Structures are given as structure tokens and as C-alpha cells.
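These notes concern the structure reproduced below.
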There are 2 protein chains.
Amino acid sequence: MLELRHLRTLAALHETGSVSRAAKRVHLTQSALSHQIKALQTHYRLPMVQRRGQSVELTDAGKHLVALAETVLEAIQATERGLAKISEQASGSLRIALECHTCFDWLMPLMDAFRQHWPDVELDLVSGFHSDPIRLLEEGLADVVIGSENKRRRDIAHHPLFCFEILAVLPPDHALRRKRILQAPDFSGMTLITYPVPEDRIDLIHHVLKPAGIHPERRTAELTVAILQLVASRRGIAALPSWGLKNYVEHEYVIARRIGSSGLWSNLYASTLKETAARPYLRDFLATAKNTCFATLEGIVPLE
Amino acid sequence: MLELRHLRTLAALHETGSVSRAAKRVHLTQSALSHQIKALQTHYRLPMVQRRGQSVELTDAGKHLVALAETVLEAIQATERGLAKISEQASGSLRIALECHTCFDWLMPLMDAFRQHWPDVELDLVSGFHSDPIRLLEEGLADVVIGSENKRRRDIAHHPLFCFEILAVLPPDHALRRKRILQAPDFSGMTLITYPVPEDRIDLIHHVLKPAGIHPERRTAELTVAILQLVASRRGIAALPSWGLKNYVEHEYVIARRIGSSGLWSNLYASTLKETAARPYLRDFLATAKNTCFATLEGIVPLE
DNA sequence: AAAATCCATGAATATGGTTCATAATTATGC
DNA sequence: GCATAATTATGAACCATATTCATGGATTTT
């Protein structure tokens, strides 16, 4: 019999185009999904997926169920928001502190949607740079911190968002363009274009260059597009999350290369006080954040 | 976490207004529903039902979930019809043979809905009286027989619909009006107004009067309204399913009385060939039949 | 007052979804 | 091309948990 888990599974399968990726997405085993899909297919006597070499494609039947999943899961979210209103837990504040500048890319549309859904929640961005953003939570100056920190602390809950790869960004005619993978020594003598934050907040420096004893020059820019402009006009190279690069790479504006043989990866968490984690609007924020990120951002991987 | 079973349960609770009746409706124990409701309430930190003496009422929160249930369950049914279309099992014939005349009351709107949902299924009523309607299935002259027979037969599947009470219908000024419950001897010397079918097809005669050696006169009419007309004009008394009587009783057109201390009950089944039972449109027909009957017909009880 | 009905609750049960281990199949690298 | 890696399918074992069972309290009916 059809259950919500089947709908969630098919939605994930539709997004990811692979059983094992979908399994990570819904925090189950690949085997579990395989069984689920098989059960669906025997129940409806219809194939739901069609293997196309390495990627699986949904059949028409599968797409019908995906469409169902979208309406059903949205309807559920909507009434759960309604229930939160009834229980009078629909108001409060959601002040977001961002550790990672690139996150503006996906945070903006998310905030727009959130404002619609929770008109009584005071939505805000905490501006400025903070050496210990988690402390903002304890000081009551922010309600969520979006960053890569996940050290266990009293009263703090780190909600895993996703895992993403940081790629080196070079101008198309750069001397290193032939190398598919860049290693630490490749960066010596280069100018690194970064956001204006301390060195140990930049993963490339903190985890790759500093351990290798390499200290390239730095130049900073506030906005991602500005960094890309500088790279394209050969003022230096940058290291940015893979998801925002696709368009620029496709237009051969810049090229992107892996850093280290297994890549440079970073995790993103949404950290809150444990008490605020229970609030319905916070839970809804986290859920839709993950949903929209996995739906729109390419190359990101579920965490935990 | 919310699951479809919770939605089904709340929908049933909304229809029946009682946990134990809802439990029968979804073929579970009263205890199971109690646990489900409790789980929902602790999960959303909201009461979903409010006990009002003997009947339970849904709270606002509960009503939200009921509304969700309606949209979700309908959406599921709709896409399951779509899947049947894909698997090309959406055509065929559904010729319905009715053993019980009163069933026209609920069958008509059901057939209208069915025609919309399955435009490619040839929908028909098998007219005339048949001594052994089940044989129509084997002879290929009908696809469903709606009646009270449930004898095990090779290749025949009896799908339980519901159980209903047959009440004696009297004119408001009848001599027996003082008795709350009528017994077999009360019928001696009366004229019985029935549908034009053989005696052993009339439950009152077959199960109550004949065993008591009572053989009242009979007069027949084709339509339920005609029977009620005759009763109201004191031409005799009748025995009819409780569900269709409500309006007439409320307007004091006729009065209705229980037959025997525990009442005279009859079961209704939809019988098909076992092979036809698998067809999607047949399954959909059965499901919506039960849904609409339980939603619109009062005083009926789930079966099996 | 007693009987009957209905709902809540804790413990036991049983269903079935998930994981584990492994095989089969398909890409990718050398 | 062969070997390696990655992905999916499958059967058995396991485990979670929904349901049932047994019971008590509460309310209504006779």
C-alpha cells in the first residue's frame, strides 16, 4: 500500500536521479529504497524507474507519483504551519547570522518564501563579521547561525544542512588549466581572491595551504560576482563552492578545478539554541532550507 | 511523524464522531486509534479531540488535519486512477446487478461519479429479477452483484460493503406505535408491503416471520417511495433499511421500529469473479462505494 | 444500582520496513 | 582489455513500532 515514505523516496529519486543519492537524501540505505521501489512496482504492476546506464530515469508512472508527492508533501507542510498557528507558536524572531558569504545565493529566495509562510515571525539578517558567531546565539543576538562549525556545546544544537565541494576557480587561459586536480604547491606565488574574513575562516588556507606552509597573497571582495570578475580578469584565483559556479563555467567565463585528489569539502550546519530548535517555524525553516537547497543546488550531498 | 494512517483515522473519526465506530470503519481496534490520536497530540502538542460526554468532537487542530486528509486521500485516489490508465487497465465493463432495490438510493450518485472517473469503462445496470444473481457472474452477464449472499464459491470473491439494520415502518397512528420493539407475533394479520421479489429474499419473512410460522398478506411496489406512500396511507407495514428512513421519520410521515430485541440486521456484499476483483476500476469502485456510503448513509456499520 | 458503553493506558505481540551481506551489472582507469 | 570502482538488486536477519490484548476508570442507560 502506498505510504508517505514512498512519496518522499520518489521525490528524492526525481531530484537526484540515482537510488544511492536519493537514499542519502532521505537518510536511508540504498537497499531500503530498492525494496521500496520494488514494492511499488509490484503493487501497481508498473515499472516506476528505468535504468539508463548509470543514471535511473523515472517512467511516466513514476512521474505521476512524483507529482502526487509534491502536492501531498506541500499540503502537509502547509497544514503543519496551520497547526503551529493554532498552538500559538507561530510568532517569535528568526535572526539569521551567516558565516559563509556564498550562502546568500540560496538564502534570499528562501527568506522570501519564509516571510510569506510565517508573517508573524520577525525575520532578520545579523550583519557584520563575528569572530565567534555561535556566541551570538548565547548572547541572544541571533536565532540561527549558518556555518561550518559543529563543536558540541552546552545548549547548542547543530542541524546538518549539507556537504559541498569547494573548487578552485581560474581564468580560462590560466597556466594551471591543464591540471585536472590542483595540489597545495600549485597555489604558491598566486594571488588568492577571498571574502573579507580572517584566514582561518577560509577552508583552502586553513586546511590545505597553511598545513603545506604556503602563504599566497590575498585580495578581498564582498560579493561572489565581484570575486568571479576579478578571477576572469586574471587578478588571481579563488576557491568557491561548486554550486554557484555552473553558469560561469558553462559560459567559459572561468574554469573550475578540484583541490586535492579527493577534493576539498565543507559541511554546512544551522546552529541554534536547543530550546529554539523545538519551535515550529524553526523546524519549518530547516526543512524547507534543505528541500530548496537539494532541489536547486547541484553537487551538494546530504550530511549525517 | 504524520502518516497516512493518521489521516485515515481522523477522517473516520470525523465521519463517525466516536473512536470505537471509527475503529470499525478503518478495521482496527479502538485501542489502536486511541494510541494513534495520542501520538498525534503529543507530536503536535495540541489536543485533536475533545470528549463531549459520550461523543468525541474534533478540535480546530483536528479539523485542520481532517481537511488535509480529504485533499491528500483524494489526490492519492486520483493518481491511482491515472496509474491504472497507464497500465491500460482502465477499460472494460462494469455491469452491476442489484439484489436489493433500496440500494438504488446510494448507487445512483456513485455511478455518476464513476462515469466521470472511468470514461472508458462500460457502465451498466443488469435489469430484471434473477433467482441466482451470482450465477450472472459466472455466465458473464454481470461484473458485480450487490447483495447479501456470501457463500464461499469457487472463483467468486465477496467484498464486504457494510451491515445495516432493517426497521419496521408503520403509519404514525398505527396500533403498534407504543411498542418500541416489534416481535414476530406483532406482524400476524398485517399486510406486508415489499418489493416484488420472492418471499425468501425478504429478510423479515425469511428470518423472522417464517420461523415463527407467521404468514402475513403481501402487497408489492417497485419503488421505495411507493412503499412509503402505501405505509403512510395505512395500506400495510413495511420493513426497510434504516438509512433511507430518516427524512420520512423526522417529518412524522411514518414511524420506524426495531424488529426483535437486537434488531434485524443484514449484510451487503459486492460479489465478483476473483479475476475481475484485481481490476483497478473495480477496486476503485469498491473503495468509493464504501467511502460514500459511510459518509452519507446513517446507521450503517462496517463489515468484517 | 447494575449493566452496558466508551475511552485511556501499559504490556505483549506481530507485522513489515530497514539493514546487512552479497551478487550482478555497469562505468572508469590504466 | 582487465581490474577497480560504483551502482543497483536480492534474500535473510534484525529491529522498530503499530496493533492487539487485557484492564481500569468514566459515563450513560435500564
Side-chain angles (χ1 to χ4, degrees), chain A residues 1-10 12-43 46-59 62 165 179-181 258 261-263 299 301-302 304, chain B residues 1-10 12-43 46-59 62 165 178-181 258 260-263 299 301-302 304:
Chain A
M1 179 116 231
L2 187 71
E3 286 295 335
L4 290 182
R5 90 186 79 90
H6 297 121
L7 296 183
R8 285 188 243 274
T9 292
L10 283 178
L13 201 59
H14 178 65
E15 275 177 12
T16 61
S18 127
V19 178
S20 36
R21 279 196 295 273
K24 282 181 194 141
R25 178 87 184 71
V26 297
H27 298 292
L28 285 175
T29 331
Q30 167 269 323
S31 175
L33 292 222
S34 232
H35 284 295
Q36 281 189 14
I37 295 165
K38 188 178 185 181
L40 275 181
Q41 293 183 149
T42 59
H43 180 247
L46 275 173
M48 298 294 167
V49 298
Q50 191 158 17
R51 303 224 47 219
R52 283 225 184 284
Q54 56 185 4
S55 66
V56 288
E57 208 174 308
L58 286 165
T59 63
E165 183 171 5
K179 299 197 70 169
R180 300 204 59 76
I181 293 172
R258 168 160 287 193
S261 51
S262 55
V301 177
E304 188 149 329
Chain B
M1 179 116 233
L2 186 71
E3 285 296 334
L4 289 182
R5 89 186 81 92
H6 299 121
L7 296 183
R8 285 188 242 274
T9 291
L10 283 177
L13 203 58
H14 178 65
E15 274 178 12
T16 62
S18 126
V19 178
S20 35
R21 278 197 295 274
K24 282 182 192 141
R25 177 86 185 73
V26 296
H27 299 291
L28 287 175
T29 331
Q30 166 268 322
S31 175
L33 291 222
S34 233
H35 283 293
Q36 281 190 15
I37 295 165
K38 186 178 186 180
L40 275 181
Q41 294 183 147
T42 58
H43 180 246
L46 276 172
M48 298 294 167
V49 297
Q50 191 159 19
R51 302 222 48 214
R52 282 225 185 286
Q54 57 185 5
S55 68
V56 290
E57 209 174 309
L58 286 164
T59 62
E165 185 172 5
R178 286 285 150 72
K179 298 196 70 170
R180 300 205 58 76
I181 292 172
R258 167 160 285 193
S261 50
S262 55
V301 178
E304 189 150 327

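Chain identifiers are assigned alphabetically (A, B, ...) following the order of the sequence lines, protein sequences preceding nucleic acid strands; residue numbering begins at 1 within each chain. All figures in this text were calculated on a predicted structure; none of them were measured in a lab.
- Judged purely by atom type and a 3.5 angstrom limit, Gln50(A) has no side-chain atom pairing as donor or acceptor with the backbone of Thr59(A).
- Environment of NE2 in His6(B): crowded, with over 12 heavy atoms of neighbouring residues, nucleotides or ligands closer than 6.0 Å.
- For residues 17-30 of chain A, every residue pair satisfying the side chain to side chain donor-acceptor pair (under 3.5 Å) rule, not counting sequence neighbours, is listed here: Glu15(A)-Arg25(A), Ser18(A)-Ser20(A), Arg25(A)-Asn291(A).
- Note that CG of Leu33(A) and CZ of Arg5(A) are 11.5 Å apart. Values are rounded to the nearest 0.5 Å.
- Looking at every heavy atom in both residues, Arg258(A) comes nearest to Glu165(A) through NE-OE2, 2.8 Å.
- Between chain B and DNA chain C, the heavy-atom contact criterion of under 4.0 Å yields a 5' to 3' nucleotide range of dC6(C) to dA11(C).
- Neither OP1 nor OP2 of dA9(D) sits under 4.0 Å from any side-chain N or O of Lys38(A).
- We find the CD-NE2 distance between Glu57(B) and His14(B) to be 10.5 Å, quoted to the nearest 0.5 Å.
- Counting non-hydrogen atoms under 4.0 angstrom, Ser34(A) reaches a base of the nucleic acid.
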For nucleotides 14-30 of chain D, give me one character per nucleotide, 5' to 3': B if any protein heavy atom sits under 4.0 Å from the base, S if the only such contacts are to the sugar-phosphate, - if neither. ----SSBB------SS-
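- Interatomic distance, Glu3(B) CD to Glu3(A) CD, rounded to the nearest 0.5 Å: 5.5 Å.
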Set out, in order, the CA-CA distance, both residues' side-chain angles and the distance that settles side chain to side chain contact (heavy atoms under 4.5 Å, CB included) for Leu40(A) and Leu10(A), then state yes or no. CA-CA 10 Å; Leu40(A) 275 181; Leu10(A) 283 178; 3.7 Å; yes
